[in-house]
Amino acid sequence: MHSCGRALISTLKVIQDRNTHSNPVQKDHVAIITFDRLSNGTTLIQALTDDYQAAMQSCKRLQACADKGKSTATKVGLKAAREYVQQERDGGQGRNNVNKVVVLLTDGLPNAYLSSINEISNYRSGNANGNFNAGGYHWLDAPLMQTKIMSRKGWQVYPVGIGLGTNYQFMDRMARMGGTAQGGQSLRGSGNPAVYEATLRELFREIVEVPLVNLVQ
């Protein structure tokens, strides 16, 4: 988590640098939401802001949770991000007519969700997509459903795997669903502590600087 935090801070510095001479009303806004509460909930760590120093400070407070029990509420986190970042006229806190980008930092092992099985099944039936899982894997399809909803809005969803045990099969499905896959795959992190931070920093820089992702229209 120390490496993740430092990589996030480095990325925020890239965003800060590219906004140095921007008109205040056109600056990129960033927010940070965690989704590791055992009660299947989320925490808004940093509200949408163009105060990049404040966002960097919030990254210093990030800590890993235990991996026992239902501690990875991926679907809930994505839904919270969607509802919070969506444009104001849709009930969110995001600006209208601005591109939206969601970066999901996780080990790709969702083990908690709040959607009913019927809700997931109905959405899957009404929005056929080969990236959904067959055989009733609702805990995997719940976050994929949220990704598809954001993708239909024209957002980009970037799943970034952390840790040696990352479930890249799930992450690849999410990247394809979110319109950010490269050769059918999600962005690859590293399980090697020696290069962990540098790898994440490069991945985040790639997300920020890729031409498709102009955070402000």
Side-chain angles (χ1 to χ4, degrees), residues 1-19 27-88 90-95 98-114 142-143 146-147 149-150 155-163 166 171 174 178 180 186-187 189 196-197 199-201 203-205 207-208 213 215-216:
M1 281 307 301
H2 183 65
S3 295
C4 290
R6 286 175 59 89
L8 286 170
I9 290 170
S10 176
T11 303
L12 288 166
K13 182 63 168 60
V14 172
I15 297 174
Q16 181 182 52
D17 290 345
R18 82 179 212 161
N19 281 272
K27 284 188 174 182
D28 298 331
H29 287 183
V30 297
I32 301 172
I33 297 175
T34 61
F35 50 95
D36 59 351
R37 288 168 53 195
L38 293 179
S39 58
N40 215 358
T42 61
T43 302
L44 179 63
I45 300 296
Q46 174 60 61
L48 275 168
T49 184
D50 60 0
D51 185 344
Y52 309 116
Q53 287 295 325
M56 291 178 199
Q57 289 297 321
S58 71
C59 290
K60 295 181 179 180
R61 300 193 298 271
L62 295 176
Q63 297 182 11
C65 70
D67 61 357
K68 302 295 184 183
K70 296 181 177 180
S71 57
T72 309
T74 312
K75 177 266 176 181
V76 181
L78 288 170
K79 185 173 185 290
R82 173 173 63 82
E83 292 178 344
Y84 180 71
V85 175
Q86 67 185 350
Q87 54 192 2
E88 292 175 347
D90 292 332
Q93 299 299 311
R95 291 167 293 175
V98 173
N99 292 340
K100 313 295 184 186
V101 179
V102 174
V103 179
L104 174 68
L105 187 63
T106 180
D107 61 3
L109 297 170
N111 59 20
Y113 65 97
L114 290 178
Q146 293 300 318
T147 301
I149 292 173
M150 288 187 277
W155 301 15
Q156 287 85 50
V157 181
Y158 284 88
V160 177
I162 57 174
T166 298
M171 300 293 274
M174 179 161 289
T180 60
S186 61
L187 298 175
Y196 203 65
E197 181 181 334
T199 300
L200 283 177
R201 188 186 303 119
L203 289 179
F204 292 147
R205 180 183 292 273
I207 291 171
V208 170
V213 184
L215 300 186
V216 175

Is [Y] close to [X] at the side-chain level, that is, under 4.5 Å between some pair of heavy atoms?
{"X": "His29", "Y": "Gln93", "value": "no"}
{"X": "Thr180", "Y": "Tyr158", "value": "yes"}
{"X": "Lys27", "Y": "Tyr52", "value": "yes"}
{"X": "Ile33", "Y": "Val85", "value": "no"}
{"X": "Phe204", "Y": "Ile15", "value": "no"}
{"X": "Ile162", "Y": "Cys4", "value": "yes"}
{"X": "Met171", "Y": "Thr106", "value": "yes"}
{"X": "Leu109", "Y": "Thr72", "value": "no"}

Between atom [atom1] of [X] and atom [atom2] of [Y], what is the distance when rounded to the nearest 0.5 Å?
{"X": "Gln53", "Y": "Ile9", "atom1": "CD", "atom2": "CD1", "value": "9.5 Å"}
{"X": "Arg201", "Y": "Arg6", "atom1": "CZ", "atom2": "CZ", "value": "7.0 Å"}
{"X": "Leu78", "Y": "Met174", "atom1": "CG", "atom2": "CE", "value": "5.0 Å"}
{"X": "Asp28", "Y": "Leu12", "atom1": "CG", "atom2": "CG", "value": "10.5 Å"}
{"X": "Leu48", "Y": "Arg95", "atom1": "CG", "atom2": "CZ", "value": "8.0 Å"}
{"X": "Gln46", "Y": "Met56", "atom1": "CD", "atom2": "CE", "value": "11.0 Å"}

Ignoring hydrogens, what is the shortest heavy-atom contact between [X] and [Y]? Give both atom names and the distance.
{"X": "Ala31", "Y": "Tyr84", "value": "CB-CE2, 3.9 Å"}
{"X": "Leu8", "Y": "Cys59", "value": "CB-SG, 3.8 Å"}
{"X": "Thr74", "Y": "Pro143", "value": "CG2-CB, 3.9 Å"}

Yes or no on side-chain contact (heavy atoms from CB on, under 4.5 Å) for Thr147 and Leu104, after CA distance, side-chain angles and deciding distance? CA-CA 10 Å; Thr147 301; Leu104 174 68; over 6 Å; no

Output yes when a side-chain donor or acceptor of Thr42 lies under 3.5 Å from a complementary backbone atom of Gly77, and no otherwise. no

The single option from Ile32, Ile45, Thr34 that satisfies side chain to side chain contact (heavy atoms under 4.5 Å, CB included) with Arg61 is Ile45

